[in-house]
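Take a look at the structure below.
Chain naming here is simple, since letters A, B, ... match the order of the sequence lines and numbering starts at 1 in each.
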Amino acid sequence: MSEATRESVQQSNGKVETSHHPETDPKRKDKNYYGIPPIKHAHWTWQIPVYFWIGGIGAGTHLFSTVAQLLGHEDEAMKRVSRYTVLVTMILSPIFLIWDLGRPERFFNMMRILKLRSPMSTQSWSLIIFGNFAGLLAARQAAEDGLLGRNVLSRLLLKLIPERLLSVLALPFGLFVGFNTGNLISATSVPIWARNWALMAPTFLASGTSTALSWLSLVLHLTGSGEAKTLRALHRAEKATIVIEAGLIAASLVRMNRWGKPLFSKSVAPLFVGGALLSGIAAPAALLFSGKETRGKSILSSLLVLAGGLAFRFALIKAGRISADDPEAYFTFASGESAPQPEDKV
Amino acid sequence: MATGFLTDTTVCIGCKACEVACKQWNQLPADGYEFTGDSYDNTKQLSGTTWRHVAFIENPKKRRLTGDVDLVALAEDVTEPLPGGAELDALGRWAFMSDVCKHCVAAPCQQACPTGSIIRNEFDNVYIQPDICNGCGYCVPACPYGVITQVPNDGRAFKCTLCYDRQIDGLEPACAKACPTNSIQFGDVEDLKVIAERRVQELQDKGYTQAYVWGTPEVGGTGGINGNHSKFILMDEPETYNLPKHPYLPQEKVKGGVIAGAIAAGVLGAVVALAFRD
């Protein structure tokens, strides 16, 4: 050791002075590579959470109208609103999805194969099937409403389309569209999503159903149509689903554990806590459960639920991005028992 | 026959010839001149346009320097006690690791792909058919290693092809060909496994007891995806090289998720039906 080195060693109490200070370099404290994310986040832009939202509305609306039909409750106004709602959501959904593709002109390649283990593949197929059913049902509705004029086509549509059968056949595909979006995000390497694999699909379906019921109640109230019985049923169903949704979100947060932190981070908390929890669940629940049902309160709670549902989906997608970009989250998740194991059961 | 890579990080000198060879052979565009300020590595990570990436890992020893220092021993990273009871905190170890697509045996990206663009080719490598990929990007968050990435101005996803075109012509991949220290070896996966085990034994006999093979299902924690066709000889914990300890197959839980969703659908249907009862 040279004289100069010896001196500097003595001066610094035995510690060597170098230009590199490993112990003061915060990036070297964690075990990762300079904080560079070990996995890549999904590139999804706003189209995807919007699709999750309108897809859920379509699925829930069809569920309500089909259950009403099966129970022999024929409300023409409600049926009309739901048939056209499902049609519009099923036209918009593929548009948003194709818009988000890197090569939109090749969207049809989704149809060259069916992979049961790829939620993206099953989602595409179920959208096509449900969308076609929705188209047929809406065409019949249009013929019934006289939108197609009084001609041979209308009469043919009314005669050839078995309404009851088609709604029942479409129901499983519609519900699949509604809940599979949860599996779509949980079947990834992103800790916050993958951790919640068992509850993601139920949460999405519950939230979708609650937004759908709110949509129906909103339109029926605004147009002043719909039978009193329908409105009562909607009100009761809204109350029940909002409780189920709140329970599922709470259970999801417990399940997500420490990996759920991004939902409460600075950039997502306004959307999640303010949007999804307060305005999407707490406020409408207070309106629904308090006192007598009035038109104004119903309209307000419906609007809040719809906005909250959209905020919830944006919050989850944004939180997934933060989760994927955090090396610490991924490494702790993929280091043992926390990650999904083959032997795990629902 | 399944082909793959064995990347021996203990002999990597960080020359980045593999990165350059890969870029040249596969005609990949540059990623821009970026200065990270973290280390001499300025290409950061694998991406849709960087299919080989050499990580520069500065691995300081956290021991205090006392007594007389033998700088030669320090540089050689000797493991036996130093003369005069000296302890070190200086050079540490500077590890290099040439990262690449792991070509998982149960590949999450391939299972996620809804178009069937990602396949296993005749060499049992995970291969993206660029004429089919429609850029849905679902393979990107599925990959447990952050390898596969969508290229923004192209729209499609890209990653290492294990030089499919060269393999068809009986050539070894460009990176393995260019590697001057044989840190990157290409061959039959079964042969590579034997080579890797032999090399690790050799290292352990020399006193480097921390050396191990990463990428076989039995050891190295990649059992969740049945192991990788790209294996590595590592000298530190996987996280140091930005690799997860126990990567898992995300699609393992799709069936469970569908069952959970179906149960929820039944419950919600019943709730709506009950709401009609007066």
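Residues Asn226(B) and Leu249(B) form no side-chain contact, since every pair of their non-hydrogen atoms from C-beta on lies 4.5 Å or further apart. Ile148(B) is listed as a side-chain neighbour of Ile118(B), based on a closest heavy-atom distance under 4.5 Å. Under the 4.5 Å side-chain criterion, counting only non-hydrogen atoms from C-beta, Cys12(B) is not in contact with Thr7(B). Looking at Leu243(B) and Met97(B), their side chains come closer than 4.5 Å, going by heavy atoms from C-beta outward.
Heavy atoms closer than 4.5 Å to chain B are found in the side chain of Leu71(A), but not in its backbone. With a 4.5 Å cut-off on non-hydrogen atoms, Tyr330(A) touches chain B through its side chain but not through its backbone. Residue Ala324(A): no heavy atom, backbone or side chain, is found under 4.5 Å from chain B. If you measure heavy-atom distances from Met200(A) to chain B, you find no contacts under 4.5 Å at all. For Arg117(A), the parts lying under 4.5 angstrom from a heavy atom of chain B are both the backbone and the side chain. Interface remark: Ala68(A) contributes backbone and side-chain atoms alike to the contact with chain B (heavy atom separation under 4.5 Å). Contact of His41(A) with chain B is made through the backbone alone, with heavy-atom distances under 4.5 Å.
Contact count against chain A (heavy-atom pairs under 4.5 Å) is highest for Pro144(B) among Gly269(B), Pro144(B), Gly137(B), Ala157(B). Contact count versus chain A (heavy atoms, under 4.5 Å) is highest, among Ser47(B), Ala264(B), Pro152(B), Ala55(B), for Ala55(B). Looking only at heavy-atom pairs under 4.5 Å with chain A, the residue among Pro108(B), Cys143(B), Ser117(B) that has the most is Cys143(B). No other option in Ala265(B), Cys139(B), Cys136(B), Ala262(B) has as many heavy-atom pairs under 4.5 Å with chain A as Cys136(B).
For the residue pair Ser126(A) and Asn180(A), no side-chain donor N or O sits within less than 3.5 Å of a side-chain acceptor on the partner. Looking at Asn134(B) and Thr115(B), their side chains never bring a donor and an acceptor atom within 3.5 Å of each other. No donor-acceptor contact under 3.5 angstrom links the side chains of Asn196(A) and Ser186(A), judged on distance only.
Counting all heavy atoms, side chain and backbone alike, Asp41(B) lies closest to Thr36(B) at O-OG1, 3.2 Å.
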